[in-house]
Amino acid sequence: MLNIVTLPGDGIGPEVIKQAVKVLRAVSTKYNCHIEIKEALIGGAAIDKIGKPLPKDTIDICKASSSVLLGAVGGPKWDDLPGNLRPEAGLLGIRKELEVFANLRPAILFPQLKSASNIKEEILGDNLNIMMVRELIGGAYFGEKNRVDIENGQKAWDVIEYSTYEIERITKMAFEVARGRNKKLTLVDKANVLESSKLWRDVVRVISKEYRDVELNYMYVDNAAMQLIRNPHQFDVIVTENMFGDILSDEASMLTGSLGMLPSASLGAGLVGLYEPIHGSAPDIAGLDYANPIGAIMSASMMFRYTFKMDEIAKAIENSIYKTLDMGYRTIDIMQPGMKCIGTEKMGDYIANNL
């Protein structure tokens, strides 16, 4: 029995989660495994219905599940609300409640989509696959923040805070991920300026002694941003703090052609993983059947790999995506000359059927 909770959220979230559910149903049929799927509210949808972005009922049902699949949250409709009542507070809240501290974001270039990337093909090369391991519940996003009136204006601050313990647990996970791949790990920081980065570097250096089979490199974040475009193949696994990871993972995603292609897994101390495509709610295209559901479907694939330990099913889902792309089907964000442009619903149908 696999108990999965879906949090469709806002904008295109419900559309892409609907397609991921189609694939989950197809998996259940093909592999004769019982999958129970429940739905709960988060973000703007929860605000509209009950006045808060993360209802207690949602927390309870998620904690009682095997895994959680999230669509997206947010939109201009809720922009004027106080910070603690905005949709994004629901996202930060569920991460805290599920105790997920590590966000795994793979940037995978599907060979069929090489020409859809903004980067020259000679730079992209073949088999581009970078894993970003981002610390998820610390740093400036969760540190002390305030704004006060001063003479001639205001002053604001956001504190970047990290403890040894917080860095140790994400670092060990990153080393384990690297050990299971190509045994190469890059720490991205700003240790020439930030004291928090200096602590990161000190802690990572100590833990590296437990992983002598993994090559460890260090790179400043500004250089890393340049190198991701200049020579992406030098990276395999990148570990970094929250804000740097947020920015760099979006940059890495553009190597692959579209934000809509990429999944993520949020894992941690708890037993329940949180899986979501890395794209936002894209309210400008919500309801138009334009959204690319592959990121959401790939997130379901990661769920089978990391939470359920069913690698065969994870690979089958990925192969169904490859087959669909080989057939020439594309959503508008990855459309190429000579291909067949289809909508969100059709893409989900083809991928589910190709299982």
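Any value given below was found using the heavy atoms of this structure, including those in side chains, with hydrogens, waters and symmetry copies removed.
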Between the main-chain N or O of I167 and the side-chain N or O of T171, is there a donor-acceptor pair closer than 3.5 Å? yes
N354 side chain to T324 side chain, donor-acceptor N/O pair below 3.5 angstrom: yes
Interatomic spacing from OG in S67 to CG in L274 - rounded to 0.5 Å: 8.0 Å
Should D222 and K190 count as an ion pair when the cut-off is N to O under 4.0 Å? yes
Is it true that the side chains of E215 and N217 contain a donor and an acceptor less than 3.5 Å apart? yes
Under the 3.5 angstrom rule, does the side chain of S281 hit a backbone N or O of G74 as a donor-acceptor pair? yes
Should Y306 and I170 be regarded as members of a common hydrophobic cluster, given that ILVMFWY residues are connected when their side-chain heavy atoms come within less than 4.5 Å of each other, either directly or indirectly? yes
So, for S320 and I351, which heavy atoms are closest and what is the spacing to 0.1 Å? OG-CG2, 3.3 Å
Would you indicate whether the side-chain heavy atoms of C62 and V272 approach each other to under 4.5 Å? no
Decide yes or no for Q112 and R330: does some side-chain heavy atom of the first lie under 4.5 Å from some side-chain heavy atom of the second? yes
A40 and P8 have their tightest heavy-atom pair at O-CD, 3.7 Å
Indicate yes or no for a side-chain donor-acceptor contact from N3 to the backbone of E36 under 3.5 Å, with no hydrogens or angles considered. no
Looking at OG1 of T186 and CD1 of I238, how far apart are the two atoms once the value is rounded to the nearest 0.5 Å? 6.0 Å
Would you confirm whether H34, through its side chain, and L2, through its main-chain N or O, come within 3.5 Å as a donor-acceptor pair? no
dist I160:CD1 -> S197:OG (nearest 0.5 Å) comes out at 7.0 Å
Is atom NZ of K52 surrounded by more than 12 heavy atoms (other residues, nucleotides or ligands) closer than 6.0 Å? no
Donor-acceptor pair, side chain of D10 and main chain of A45, under 3.5 angstrom: yes
Member of I37, V68, I42 meeting the side-chain contact (heavy atoms from CB on, under 4.5 Å) criterion with T6: I37
CG/N127: more than 12 non-hydrogen atoms of other groups inside 6.0 Å: no
Taking the six-membered ring for Trp, are Y322 and F110 parallel (under 30°), tilted (30 to 60°) or perpendicular (over 60°)? tilted
Do you see a donor-acceptor pair shorter than 3.5 Å between the side chains of Y211 and E176? yes
Applying side-chain contact (heavy atoms from CB on, under 4.5 Å) to E97 and K63, what does each step give before you reach the verdict? CA-CA 8 Å; E97 291 290 341; K63 285 185 173 181; 3.0 Å; yes
Heavy-atom count check: over 12 atoms from other residues, nucleotides or ligands less than 6.0 Å from R230 CZ? no
Any chance you could lay out the side-chain contact (heavy atoms from CB on, under 4.5 Å) test for F175 and L216, step after step, and finish with the verdict? CA-CA 9 Å; F175 269 110; L216 175 63; 4.3 Å; yes
Can you list the steps and then say if K198 with D189 is a salt bridge (charged side-chain N to carboxylate O under 4.0 Å, His left out)? CA-CA 8 Å; K198 294 175 184 176; D189 60 25; over 6 Å; no
Would you say S301's side chain and E318's backbone share a donor-acceptor pair under 3.5 angstrom? no
Can you tell me if S249 uses its side chain to pair, donor with acceptor, with the backbone of D246 under 3.5 Å? yes
Please check if the side chain of R86 supplies one atom and the backbone of D79 the other of a donor-acceptor pair under 3.5 Å. yes
Do V203 and Y162 pass the side-chain contact (heavy atoms from CB on, under 4.5 Å) test, and can you show the C-alpha distance, the side-chain angles, and the key distance before you say yes or no? CA-CA 11 Å; V203 172; Y162 276 107; over 6 Å; no
Taking the basic N atoms (NZ, or NE/NH1/NH2) and the acidic carboxylate oxygens, is any pair closer than 4.0 Å for K22 and E345? yes
Can you tell me if CD on Q154 sees more than 12 non-hydrogen neighbours from other groups inside 6.0 Å? yes
With no hydrogens and no angle check, just 3.5 Å: does a side-chain donor-acceptor pair link N103 and S266? yes
For the hydrophobic clusters of this structure (ILVMFWY residues joined by side-chain heavy atoms under 4.5 Å, transitively), does one cluster hold both V193 and L187? yes
Does this structure show an ion pair linking D48 with K77, if we count only N-O contacts that are shorter than 4.0 Å? yes
CZ of R25 to CG of L355, rounded to nearest 0.5 Å, is 14.0 Å
Of all residues at least two apart in sequence or in a different chain, which pass the salt bridge (Lys or Arg N to Asp or Glu O under 4.0 Å) check with E251? none
According to a hydrophobic-cluster definition based on side-chain heavy atoms being under 4.5 Å apart (Ile, Leu, Val, Met, Phe, Trp, Tyr only), do I50 and L81 belong together? no
Does the side chain of F142 reach to within under 4.5 Å of the side chain of L92, using non-hydrogen atoms? yes
Set out, in order, the CA-CA distance, both residues' side-chain angles and the distance that settles side-chain contact (heavy atoms from CB on, under 4.5 Å) for Y350 and L325, then state yes or no. CA-CA 10 Å; Y350 281 119; L325 295 174; over 6 Å; no
Would you call E276 and R95 a salt bridge, using N to O less than 4.0 angstrom? yes
Does some side-chain heavy atom of N223 sit less than 4.5 Å from a side-chain heavy atom of M226? yes
Quick one: closest heavy-atom pair of P106 and P263, and the distance? CD-O, 3.6 Å
Linking I/L/V/M/F/W/Y whenever any side-chain heavy atoms sit under 4.5 Å apart, do I123 and L255 land together? yes
I need the minimum non-hydrogen distance between H279 and A72, along with the two atoms involved. O-CB, 4.2 Å
Is there a donor-acceptor pair closer than 3.5 Å between any side-chain N or O of N242 and the backbone N or O of G139? no
Single-linkage hydrophobic cluster L41~V5, side-chain heavy atoms < 4.5 angstrom: no
Check the surroundings of atom NZ in K145: do more than 12 heavy atoms from other residues, nucleotides or ligands lie under 6.0 Å from it? yes
Looking only at the side chains, is there a donor atom on one of E88 and W78 sitting less than 3.5 Å from an acceptor on the other? no
Quick test of your reading of the model: are K323 and D326 salt-bridged, counting only N-O distances below 4.0 Å? no
Spacing of I342 atom CD1 and T331 atom OG1 [to the nearest 0.5 Å]: 7.5 Å
Does atom CG of N32 have more than 12 heavy-atom neighbours, drawn from other residues, nucleotides or ligands, at distances under 6.0 Å? no
Taking atom CD of E122 as the centre, does the number of heavy atoms from other residues, nucleotides or ligands within less than 6.0 Å exceed 12? yes
Hey, what do you get for NZ (K184) to CG (D236), rounding to the nearest 0.5 Å? 7.5 Å
E161 side-chain N/O to S163 backbone N/O, donor-acceptor pair under 3.5 Å: no
Please find the pair of heavy atoms, one from S299 and one from L69, that lie closest to each other, and give the distance. CB-CD1, 4.0 Å
Please name the pair of heavy atoms, one in M327 and one in K340, separated by the smallest distance, quoted to 0.1 Å. O-NZ, 3.1 Å
Between V214 and S208, is there a side-chain heavy-atom distance shorter than 4.5 Å? no
With the side chain counted from C-beta on, respond yes when R205 and Y218 share a heavy-atom pair under 4.5 Å apart, and no when they do not. yes
Would you say R105 and R134 make side-chain contact, with heavy atoms under 4.5 Å? yes
D80 CG: over 12 foreign heavy atoms closer than 6.0 Å: no
